[in-house]
**Student:** 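Let me give you the structure first, and then I'll get to my questions.
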Amino acid sequence: MKIVFMGTPDFAVPSIKALYDAGHDIQAVFCQPDKPKGRGYKLVPPPVKVFALDKDIPIYQPKSLKNGGEEFIKVIEDLAPDCIVVAAYGKILPKAVLDIPRLGCVNVHGSLLPKYRGAGPIQWAVLNDEKTTGITTMLMGEGLDTGDMLLKCETEIGENETAAELFDRLADMGAELIVETLDKLEKGEISPVPQNEEEATYAPMLTKDLSPIDFTKSARAVHKQICGLSDWPCASTTIGGKRIKVYRSEIVAGSTTKAAGTVVNVKDLTIACGDGMVKLTEIQAEGSKRMATADYLRGKPVAEGTVLGE
RNA sequence: CGCGGGGUAGAGCAGCUUGGUAGCUCGUCGGGCUCAUAACCCGGAGGUCACAGGUUCAAAUCCUGUUCCCGCAA
């Protein structure tokens with residue numbers, strides 16, 4: 001099948017790879033322009049571009065497909081793909097593009113639609129302590145993740161699973177599902193199902209405003225905040241006035257009478273919460289790298305009675 | 001040239017300002033105590049202090065260059 005692939009970040013790589021390995025003819029790849037990233041603002045190509053370069057697939061990185069993107073639309077028209085596959089591309093596709101492929105534009109989305117439409121479905125599912133989430137493939141409409149659904153695949157969210165880990169798992173699941181979706185779509189074996197607008201929720205991109213930990217919340221809420229924000233932007237707090245980021249935690253059974261935020265156990269950084277306790281298991285100090293809490297404590301022991309976040 | 005921190009024993013750090021025998025916590029090895037232990041006590045091994053050059057009687061420490069890593073910001 002002739003496919004134009006649109007996607008940008010790591011999440012999209014397993015999908016394009018799976019399509020490539022399945023023998024589809026990937027005519028072209030569209031991704032976001034290279035962006036200045038990291039130290040020194042070096043221009044970094046998005047992961048999908050790296051893959052495309054490796055496979056000698058033509059790459060297009062338009063700033064926009066709407067304004068001034070006509071030439072790119074023409075490129076797609078000339079390629080006349082059977083299908084356009086979109087995975088975390090990061091741009092809205094105009095109707096002029098949506099109408100080109102014979103089979104339509106198929107999107108791989110990291111949630112069980114209609115819940116968690118938007119840019120941050122995976123992280124928000126973790127933050128909200130969902131028991132399960134999954135992948136939905138859909139025919140793209142003009143709205144944001146509003147198209148008719150094709151196939152779904154569900155998975156449980158682990159008790160201590162971070163958004164980053166779930167992200168990787170869902171990326172792989174999405175890859176499998178997109179291949180299956182195209183296969184069945186071509187054979188006419190799928191009946192698109194409209195989304196129930198009543199149940200729709202929106203999962204916006206995460207911001208650092210979500211980072212500070214409020215230990216007066218329940219241990220479970222704190223724990224899920226830590227999981228959901230890892231690896232980025234990360235839950236944060238302070239030890240002795242210095243900021244630390246928390247990558248992993250575990251809920252500790254039992255209760256304490258200590259005030260929220262107090263270190264209950266200086267050996268493993270168990271912290272009192274509004275209800276219950278959490279153990280911070282992987283953290284990162286300013287200017288340092290992330291490491292297991294045990295390693296951190298060897299170099300920078302925490303005094304008895306220390307209160308985090310002060 | 002966006003701002004900043006750092007490379008010291010297997011791990012995490014201190015020491016550098018005010019040059020003068022390499023230190024802490026943990027791990028590891030051996031021994032001891034104990035019914036027992038991630039407990040405690042005693043002892044040992046393990047480091048060209050990132051690399052190169054300079055200053056000096058003497059450099060982990062001061063100066064210069066190189067390189068690698070990381071945080072912020074995007």
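Residue numbers start from 1 in every chain, and the chains themselves are labelled A, B, ... in the order their sequence lines are given, proteins ahead of strands. For the numbers below, each heavy atom of this structure counts, side chains included, while hydrogens, waters and symmetry mates do not.
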**Student:** Taking B/G23 as the reference, what is the distance to B/G31 when you measure between their C1' atoms (whole Å, please)?
**Tutor:**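 Going atom to atom, C1' in each nucleotide, I get 25 Å.
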**Student:** Between B/A60 and B/G19, how far apart are the C1' atoms? Round to whole Å, please.
**Tutor:**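 That atom pair is separated by 10 Å.
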**Student:** In whole Å, measure the gap between the P atoms of B/C49 and B/U21 for me.
**Tutor:**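 Each nucleotide's P atom is 15 Å from the other's.
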**Student:** Report yes or no: do A/Asp148 and A/Gln195 form a side-chain donor-acceptor pair below 3.5 Å?
**Tutor:**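 Absent: no donor and acceptor within the cut-off.
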**Student:** Go ahead and name the base partner of B/C72; Watson-Crick or wobble counts if both distances stay under 3.5 Å, otherwise write none.
**Tutor:**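 In the structure as shown, B/C72 has B/G2 as its Watson-Crick or wobble partner.
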**Student:** For the side chain of A/Arg243, starting at C-beta, report the closest nucleotide among B/A74, B/A11, B/C72.
**Tutor:**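 Ranking B/A74, B/A11, B/C72 by closest atom to the A/Arg243 side chain puts B/C72 first.
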**Student:** Ring centroid separation for A/Phe5 and A/Phe30, is it under 6.0 angstrom?
**Tutor:**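 No - the distance between ring centres of A/Phe5 and A/Phe30 does not fall below the 6.0 Å cut-off.
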**Student:** Can you tell me the distance, in whole Å, between the NZ atom of A/Lys35 and the C1' atom of B/G2?
**Tutor:**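 Interatomic distance, NZ of A/Lys35 to C1' of B/G2: 18 Å.
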**Student:** What does A/Lys245 touch in the nucleic acid at a heavy-atom separation under 4.0 angstrom: a base, only the sugar-phosphate, or nothing?
**Tutor:**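 Sugar-phosphate, no base atom in range.
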**Student:** Looking at A/Glu250, A/Arg248, A/His223, which one forms a side chain to side chain donor-acceptor pair (under 3.5 Å) with A/Asn160?
**Tutor:**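 Output: one option passes, namely A/His223.
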**Student:** Between B/C13 and A/Ser288, is there an OP1 or OP2 to side-chain N/O distance shorter than 4.0 Å?
**Tutor:**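 Answer is yes, contact under 4.0 Å.
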**Student:** Give none if B/C40 has no partner; otherwise give the nucleotide forming a Watson-Crick or G-U wobble pair with it, both distances under 3.5 Å.
**Tutor:**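 B/C40 is paired, partner B/G32.
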**Student:** Whole angstroms only, please: what is the CG-C1' distance between A/Asp268 and B/G12?
**Tutor:**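 Atom CG in A/Asp268 sits about 17 Å away from atom C1' in B/G12.
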**Student:** C1' atom, B/C62 versus B/G43: distance in rounded Å?
**Tutor:**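 Looking at atom C1' only, B/C62 and B/G43 are 39 Å apart.
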**Student:** With P as the reference atom in both, quote the distance from B/A9 to B/U18 in angstrom, rounded to an integer.
**Tutor:**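 Their P atoms lie roughly 26 Å apart.
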**Student:** Looking only at atom types and distance, does a side-chain atom of A/Asn107 sit under 3.5 Å from a main-chain N or O of A/Met138, one as donor and one as acceptor?
**Tutor:**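 Flag not set: sc A/Asn107 to bb A/Met138 has no pair under 3.5 Å.
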**Student:** Taking CD1 from A/Ile244 and P from B/C72, how many angstroms apart are they, rounded to a whole number?
**Tutor:**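 Distance check: A/Ile244 CD1 to B/C72 P gives 13 Å.
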**Student:** If you measure from the P atom in B/C41 to the same atom in B/U25, how many Å do you get, rounded?
**Tutor:**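 It works out to 10 Å between them.
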**Student:** Consider only side-chain heavy atoms of I, L, V, M, F, W and Y, link residues closer than 4.5 Å, and tell whether A/Leu182 and A/Phe11 are in one cluster.
**Tutor:**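 As far as the 4.5 Å side-chain criterion goes, A/Phe11 and A/Leu182 are connected within one cluster.
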**Student:** May I ask you to verify if any side-chain N or O of A/Gln284 is less than 4.0 angstrom from the OP1 or OP2 atom of B/G71?
**Tutor:**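 So the side chain of A/Gln284 is within the cut-off, an N or O lying under 4.0 Å from OP1 or OP2 of B/G71.
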**Student:** What interatomic distance, in whole Å, is found between P of B/C72 and the corresponding atom of B/U64?
**Tutor:**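 Straight-line distance between the two P atoms is 28 Å.
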**Student:** Nearest to the A/Asp295 side chain among B/A74, B/G12, B/A73, which nucleotide is it?
**Tutor:**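 The nucleotide sitting nearest to the side chain is B/G12.
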**Student:** Going by purine N1 to pyrimidine N3 plus the second Watson-Crick contact, or the G-U wobble pair, all under 3.5 Å, which nucleotide sits opposite B/C57?
**Tutor:**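 Matched B/C57 with B/G20 under the 3.5 Å cut-off.
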**Student:** Counting just side-chain N and O atoms, does A/Lys289 come under 4.0 Å of either OP1 or OP2 of B/G12?
**Tutor:**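 For B/G12, OP1/OP2 do have a side-chain N/O of A/Lys289 under 4.0 Å.
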**Student:** For the C1' atoms, the ones on B/C13 and on B/C57, what distance do you get once it is rounded to whole angstrom?
**Tutor:**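 B/C13 and B/C57 have their C1' atoms separated by 33 Å.
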**Student:** Under a 3.5 Å cut-off for both contacts, is B/A11 paired Watson-Crick or G-U wobble with anything, and if yes, with which nucleotide?
**Tutor:**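 Pair assignment: B/A11 / B/U25.
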